Asks: 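Would you mind keeping the following structure in view while I ask a few things?
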Amino acid sequence: METFVSLCKRRGFVFQSSEIYGGIGGFWDYGPLGVEMKNNIKRSWWRYMVQERDDVVGIETSIIMNPRVWEASGHVGTFADPMVDCKNCKHRFRTDDLRLNDNGELRCPDCGGELTESRMFNLMFQTYVGPVADDASVAYLRPETAQGMFVNFENVLTTMRRKLPFGIAQIGRSFRNEITPGNFIFRDREFEQMEMEYFVLPGADEEAHDMWIEARMRWWTDVLGVRKENLQIREHAKDELSHYSKRTVDIEYDFPFGGFSEIEGIANRTDFDLQAHTKVSGKKLEYYDQESDTHIVPYVIEPAMGIDRCFLTTMIDSYVEEEVRGEKRTVLRLSPQIAPVKVAILPLSRNEQLVPPARKVADMLRPHFMTQYDDAQAIGRRYRRQDEIGTPYCVTIDFDTLEDEAVTIRERDEMTQVRVPIANLAETLREKLPGCYTG
Ligand code: GAP
């Protein structure tokens with residue numbers, strides 16, 4: 001993990017938030033390569049979940065909502081974790097993370113000190129709306145994006161003239177005041193979620209749930225290229241189900257810290273949320289079913305995932321150290337769709353004859369692909385630099401280019417090379433990089 005976290009910083013993927021002030025626990029900044037990759041993950045999910053389907057539409061709702069939303073959803077009452085403090089070193093822990101020591105006692109895992117009684121701690125960040133900070137102006141930063149979809153159910157249903165089954169999807173930031181954030185970007189206090197609420201007729205929910213479990217696994221393996229052997233599906237036991245859930249399945253990844261851990265949850269939320277909002281707001285959230293001539297409160301299947309965990313998963317899963325001709329090479333075997341840079345343009349050297357045509361090739365490709373030009377240091381080191389950030393293709397301009405107007409394309413994983421005329425370069429790369437175009 002340490003090597004990997006250092007790569008993320010050294011190569012501009014992830015920085016500690018407010019680093020020059022010592023950082024702040026549970027908050028992270030994405031650097032130039034990190035933001036490219038994160039945007040690629042979002043684009044891939046959006047395409048798969050919204051644009052390639054005719055039964056799902058997108059939405060973008062505000063982070064701060066009417067606080068009654070969170071009363072209705074149950075978050076004000078129940079969105080809490082049990083917490084204890086060490087009376088000696090003052091460190092704070094989630095009670096359910098602690099294990100009994102050899103004497104059968106719960107003690108501080110850091111100093112062995114005595115712990116306070118366990119108490120519930122609500123994870124929602126609280127703020128005030130308007131100039132007066134009093135009880136009437138309390139509001140919350142949303143802890144999940146899902147409620148934005150539920151409270152807009154009626155708006156989307158009527159404006160988009162939808163029939164069941166249909167889904168509403170959203171990508172956006174969520175905030176949780178986690179007691180113990182950690183494992184790099186795995187558990188954060190500010191993170192991004194990609195969630196979809198799929199509304200179905202009651203009775204059609206179990207089949208839709210199975211359909212989404214399969215569809216979501218396919219995205220992780222076939223679209224993102226995460227290795228199947230590192231993923232597992234885990235069924236929630238009855239006593240761990242959330243207050244709204246009839247059945248929940250987690251997709252888990254085998255992380256180097258702590259083993260298999262949740263990267264996505266797929267829940268059958270029943271009609272809990274629509275019923276709860278109907279009760280608290282007084283507005284009916286129903287669907288008129290022509291066939292049975294009845295008003296129905298739909299059931300909901302929800303695939304919910306975090307982008308930061310997805311980022312961590314794909315980075316770790318694609319990280320390989322290997323030996324090539326006696327030298328160590330680090331490669332991120334990222335799926336080209338999510339790789340931050342698609343093509344690197346590398347003149348053989350900084351020779352004054354090579355730089356202008358190389359820059360011309362970079363200018364030609366830039367409108368089509370995320371391109372990086374690099375002429376600093378020996379060509380071998382530049383290949384290694386691109387391997388380390390997962391660039392699928394490098395294009396080399398050498399002295400033969402001046403004669404034959406052709407360049408060499410070098411592939412990241414097998415390191416195979418092919419010679420291609422500059423006139424055909426964009427087209428050749430288009431074929432090699434489907435779904436990776438800028439425009
Ligand atoms: N709407 C349902 C919901 O939010 P969740 O299991 O609490 O369900 C869904 O969250 C996903 O969001 C998780 O699978 C995880 O990927 C991500 N997530 C949740 N809490 C997170 C945190 N503190 N830091 C980073 N990602 C988080």
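The figures here come from the full heavy-atom set of this structure, side chains too, leaving out hydrogens, waters and symmetry mates. Atoms within a ligand are numbered from 1 in the order they appear, just like the ligands themselves. These numbers were taken from a predicted model, which means no experiment stands behind them.
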Asks: Return the residue, atom name and 0.1 Å-rounded distance of the protein heavy atom closest to atom 15 (C) of ligand 1.
Replies: R309 NH1, 3.5 Å
Asks: Is E117 atom CD crowded by more than 12 heavy atoms from other residues, nucleotides or ligands, each under 6.0 Å away?
Replies: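 Open: at most 12 neighbouring heavy atoms sit under 6.0 Å from CD of E117.
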Asks: I'd like to check which ligand 1 atoms, numbered from 1 as shown, lie under 4.0 Å from a non-hydrogen atom of Y244.
Replies: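 Near Y244, the atoms of ligand 1 are 2 (C).
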Asks: Kindly assign one of parallel, tilted or perpendicular to the pair H75 and H243, based on the angle between their ring planes and the thresholds 30° and 60°.
Replies: perpendicular
Asks: If you count the non-hydrogen atoms of other residues, nucleotides and ligands that lie under 6.0 Å from NZ in K87, is the total more than 12?
Replies: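 Counting neighbours around NZ of K87, more than 12 heavy atoms of other residues, nucleotides or ligands fall under 6.0 Å, so yes.
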Asks: Taking everything shown except E321 itself, do over 12 heavy atoms lie less than 6.0 Å from its CD?
Replies: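 Above 12, so yes.
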Asks: Which ligand 1 atoms are under 4.0 Å away from a heavy-atom of I263?
Replies: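 Within the 4.0 Å cut-off of I263, ligand 1 contributes 14 (O), 16 (O).
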Asks: Among I263, D317, D254, which one satisfies side-chain contact (heavy atoms from CB on, under 4.5 Å) with L231?
Replies: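 Option passing the side-chain contact (heavy atoms from CB on, under 4.5 Å) with L231: I263.
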Asks: For atom 18 (N) of ligand 1, which protein heavy atom lies nearest, and how many Å away is it?
Replies: F191 CE1, 3.6 Å
Asks: With respect to D188, determine whether any N or O atom, backbone or side chain, lies less than 3.5 Å from an N or O atom of ligand 1.
Replies: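 Yes - when backbone and side-chain N and O of D188 are compared with those of ligand 1, one distance drops under 3.5 Å.
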Asks: Just to confirm my output: which protein heavy-atom neighbour is closest to atom 25 (C) of ligand 1, and how far is it?
Replies: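 Sorting protein heavy atoms by distance from atom 25 (C) of ligand 1 puts F186 O, 3.2 Å first.
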Asks: Looking only at distance, does E262 have an N or O less than 3.5 Å from an N or O of ligand 1?
Replies: yes
Asks: With a cut-off of 4.0 Å, which atoms of ligand 1 are near a heavy atom of G306?
Replies: 11 (C), 12 (O), 15 (C), 16 (O), 17 (C)
Asks: Should you measure from each heavy atom of R187, which atoms of ligand 1 turn up under 4.0 Å away?
Replies: 23 (N), 24 (N)
Asks: Considering residues, nucleotides and ligands other than R10, do more than 12 of their heavy atoms fall under 6.0 Å from its CZ?
Replies: yes
Asks: Could you find the nearest protein heavy atom to atom 1 (N) of ligand 1 and give me its residue, atom name and distance?
Replies: E195 OE2, 2.4 Å
Asks: Under a 4.0 angstrom heavy-atom cut-off, which atoms of ligand 1 come close to E302?
Replies: 1 (N), 2 (C)
Asks: For atom 19 (C) of ligand 1, what's the nearest protein heavy atom and its distance?
Replies: R176 NH1, 3.5 Å
Asks: Can you list the atoms of ligand 1 that are under 4.0 Å from a heavy atom of E264?
Replies: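 Under 4.0 Å from E264, ligand 1 has these atoms: 14 (O).
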Asks: Step through the shown structure and confirm whether more than 12 heavy atoms of other residues, nucleotides or ligands are within 6.0 Å of CD on E411.
Replies: yes
Asks: Heavy-atom contacts with M305 under 4.0 Å: which atoms of ligand 1 show up? List them by number with element.
Replies: 11 (C), 12 (O), 16 (O)
Asks: Can you confirm whether more than 12 heavy atoms, excluding those of R381, are under 6.0 Å from its CZ atom?
Replies: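 Count not over threshold, so no.
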Asks: Tell me which protein heavy atom sits closest to atom 10 (O) of ligand 1, plus the residue, atom name and distance to 0.1 Å.
Replies: Q193 NE2, 3.4 Å
Asks: Are F125 and E190 packed together at the side-chain level, in the sense that at least one heavy-atom pair is separated by less than 4.5 angstrom?
Replies: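 No - every pair of side-chain heavy atoms lies 4.5 Å or more apart.
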Asks: Is P143 in polar range of ligand 1, meaning some N or O pair under 3.5 Å apart?
Replies: no
Asks: Measure the acute angle between the ring planes of F199 and F150, then classify it against the limits of 30° and 60° as parallel, tilted or perpendicular.
Replies: perpendicular
Asks: Counting each atom of ligand 1 from 1 as listed, which ones have a heavy atom of R269 under 4.0 Å away?
Replies: 1 (N), 2 (C)
Asks: Surrounding CG of N103 (heavy atoms of other residues, nucleotides or ligands, distance under 6.0 Å), is the total greater than 12?
Replies: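 Counting other residues, nucleotides and ligands, CG of N103 exceeds 12 neighbours.
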Asks: Heavy atom under 4.0 Å from ligand 1: found in F79's side chain, backbone, both, or neither?
Replies: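 Answer for F79: neither.
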